[in-house]
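Below is one structure; the comments refer to it alone.
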Protein chains: 2
Amino acid sequence: MNPTCRILLVDDHYVVRIGMASSLNLEPDLEVVAEAENGEAAIALYREHRPDLVILDWRLPDLSGGDVIKALHAEFPAARVLVLSAFESEEVIYQALQAGAVGYLAKSSRRPELIGAVRLAAQGKAAFSADIAAKLASRIQRPSLSPRELEVVAELVKGNSNKEIATRLNISENTVKLHITHIMQKLRAKDRTHVASIALQQGLLENRAPGG
Amino acid sequence: MNPTCRILLVDDHYVVRIGMASSLNLEPDLEVVAEAENGEAAIALYREHRPDLVILDWRLPDLSGGDVIKALHAEFPAARVLVLSAFESEEVIYQALQAGAVGYLAKSSRRPELIGAVRLAAQGKAAFSADIAAKLASRIQRPSLSPRELEVVAELVKGNSNKEIATRLNISENTVKLHITHIMQKLRAKDRTHVASIALQQGLLENRAPGG
DNA sequence: TCAGACATCCCCCATATGGGCTATGCCGTG
DNA sequence: CACGGCATAGCCCATATGGGGGATGTCTGA
């Protein structure tokens, strides 16, 4: 019952692609059929090869992992994506699963764990590295920021004052202050500087366009 | 004149080690003789194997790449270290070279570039990926933060107020304010929040102990 | 239809922040 | 020795920030 599982590998680091491919290709039932180093290429190669599984790095030069997953699912609802990342914050894992990933795998995983997760994901079952579940649980507790609040955080990170943020977002300074108050409560931050730190460290802004 | 170059590979990501090793071992004159996944193990393995070259990931779970280089050079002044990193901010490259690395290599580098850099580094010549020099140049222009200023930044990032920072560092609040003024000027930051953003994005605090 | 989340706006006010200025002592380099 | 960078510290002051309150409108889901 195990026909070969055909895999599309997406990572912008050459050595990671080689490492993954050589690890996977040792297994008789796993085969890397294509490799992409950015999101656009990944989507194009999916159309061409229709792989059974996509192994997707979360950080890519053009799109975020979440964007790639959403684009794939829009066109191929059955697409199975296993997110691979070096960056194991709760937020990223949460976003990956929200976006529709079937699992999340750390780059530090050894071969057995890696192969195991790939086989599970190929069957559409949830696949996680060891300590991920605990991190997820803690994330669920914390309320997430609204889209507008994320916009405010993005401005905050650029070092803009409340007045400047108000102008840029076309709202009053009072509104900006209230947003920031809410953001500080949600993130349990001590002040706006702490908000910026938490946002950057947790990768809250990962899925925003770099120039936006 | 090319005896085999014996290499110690240091990276906490399994797939990266596999990818590097399989790329390097294809070359007859390059041989990976040992692999470490953290800084302590790297130093121990250096003592044991005395490799001709160390390929070192900048981000490790225990020590920073800079700490490893300094520790190696203290014991083996002739040690040659090529820094490998996914994280190409000017600051990190600058710090790596300051610490005594012979070169800096991006993880996205393809095989020819990778092999070329390794061969150069093995001969003790400067080895860089393509766009590194330009980034370095821009870094040289900017003044670097003093150790004390970095301590202040580390406190800032935790969301501490000037008063709290003063208490924690055992100095007066006035001094903290003056430090922050200087930091803002050096980093061309608009306010303390911007300082935190820049510090995190540029990796200014990379070589500080996580708990410290 | 009513509750709840979201986004918007207004008021007041204590405190924090950031800029300007001067000044000391230490240390390393020229 | 003198100079400059660093760290320390004080003063004054305008403005920004953060916390409290109350208010409106939309939209979604129970």
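Chain letters run A, B, ... following the sequence lines, proteins first and then strands; every chain starts at 1. The shown structure was predicted, so the numbers you read here are calculated from the model rather than taken from an experiment.
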Within this structure, what is the [atom1]-to-[atom2] distance between [X] and [N], rounded to whole angstrom?
| X | N | atom1 | atom2 | value |
| --- | --- | --- | --- | --- |
| B/Asp191 | C/dA16 | CG | C1' | 13 Å |
| A/Glu173 | D/dT17 | CD | P | 7 Å |
| B/Leu169 | D/dC6 | CG | P | 17 Å |
| A/Leu145 | C/dA7 | CG | C1' | 15 Å |
| A/Lys190 | C/dA16 | NZ | C1' | 14 Å |
| B/Lys163 | C/dT15 | NZ | P | 8 Å |
| B/Ile171 | D/dC6 | CD1 | P | 15 Å |
| B/Ile180 | D/dT17 | CD1 | C1' | 14 Å |

Quiz prompt | Partner residues of A/His49 under the side-chain contact (heavy atoms from CB on, under 4.5 Å) criterion, sequence neighbours left out | solution =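 A/His49: side-chain contact (heavy atoms from CB on, under 4.5 Å) contacts with A/Arg6, A/Val33, A/Ala34, A/Leu45, A/Pro51.
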Can you pull every protein N or O that's under 3.5 Å from an N or O on nucleotides 20-30 of chain C?
none

Among the nucleotides [options], which one has an atom lying closest to any side-chain atom of [X]?
| X | options | result |
| --- | --- | --- |
| B/Ser146 | D/dT17, D/dC11, D/dC6 | D/dC6 |
| B/Ser161 | C/dA16, D/dG19, C/dA7 | C/dA16 |
| B/His179 | D/dG18, D/dA7, C/dA16 | D/dA7 |
| B/Arg148 | D/dT8, C/dC6, C/dG19 | D/dT8 |
| B/Arg192 | C/dC6, C/dT17, C/dT8 | C/dT17 |

Quiz item: Do B/Glu113 and B/Arg110 meet the salt-bridge criterion of a basic N to acidic O distance under 4.0 Å?
Solution: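 No, B/Arg110 and B/Glu113 are not salt-bridged.
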Self-check item: Partner of B/Asp11 under salt bridge (charged side-chain N to carboxylate O under 4.0 Å, His left out), chosen from B/Arg59, B/Lys107, B/Arg17
Solution: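 When B/Arg59, B/Lys107, B/Arg17 are each tested with B/Asp11, the salt bridge (charged side-chain N to carboxylate O under 4.0 Å, His left out) holds only for B/Lys107.
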Self-check item: Which residue lies more 5' along DNA chain D, comparing B/Glu149 with B/Asn174 via nearest heavy atoms
Solution: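 Looking at DNA chain D, the more 5' nearest nucleotide goes with B/Glu149.
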Quiz item: Between B/Thr175 and D/dT8, does any side-chain N or O lie under 4.0 Å from OP1 or OP2?
Solution: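 No.
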Exercise. Would you confirm whether A/Arg188, through its side chain, and A/Gln185, through its main-chain N or O, come within 3.5 Å as a donor-acceptor pair?
Key: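 Looks like no, no N/O pair under 3.5 Å.
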Quiz item: With sequence neighbours excluded, what pairs up with A/Tyr46 under the ring-ring contact (aromatic ring centres under 6.0 Å, His included) test?
Solution: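 ring-ring contact (aromatic ring centres under 6.0 Å, His included) check on A/Tyr46 returns A/Phe76.
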Quiz item: What distance separates B/Ile180 CD1 from B/Leu187 CG, expressed to the nearest 0.5 Å?
Solution: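 One finds 11.5 Å between CD1 of B/Ile180 and CG of B/Leu187.
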Quiz item: To the nearest 0.5 Å, how far apart are CD1 in B/Ile165 and NZ in B/Lys158?
Solution: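 Going from CD1 on B/Ile165 over to NZ on B/Lys158, the span is 9.5 Å.
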Practice problem: With sequence neighbours excluded, give me every side-chain hydrogen bond (donor to acceptor under 3.5 Å, both in side chains) pair touching residues 171-182 of chain A. | Solution: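 The answer is A/Ser172-A/Thr175.
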Quiz item: Once you build an axis from the first five pairs and another from the last five of the helix from C/dT1-D/dA30 to C/dG30-D/dC1, how far apart in angle are they, to 10 degrees?
Solution: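 Both end axes considered, the difference amounts to 50°.
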Practice problem: Kindly indicate whether the side chain of B/Val10, heavy atoms from C-beta on, has any atom under 4.5 Å from the side chain of B/Asp57. | Solution: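 B/Val10 does not reach B/Asp57 side chain to side chain.
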Quiz item: Reckon B/Asn162 touches a base, only the sugar-phosphate, or nothing at all at heavy-atom distances under 4.0 Å?
Solution: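 Since only primed, P, OP1 and OP2 atoms lie under 4.0 Å of B/Asn162, the category is sugar-phosphate.
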Practice problem: Identify, with sequence neighbours excluded, every residue that meets salt bridge (charged side-chain N to carboxylate O under 4.0 Å, His left out) alongside A/Lys190. | Solution: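 A/Lys190 satisfies salt bridge (charged side-chain N to carboxylate O under 4.0 Å, His left out) with B/Glu164 once adjacent residues are dropped.
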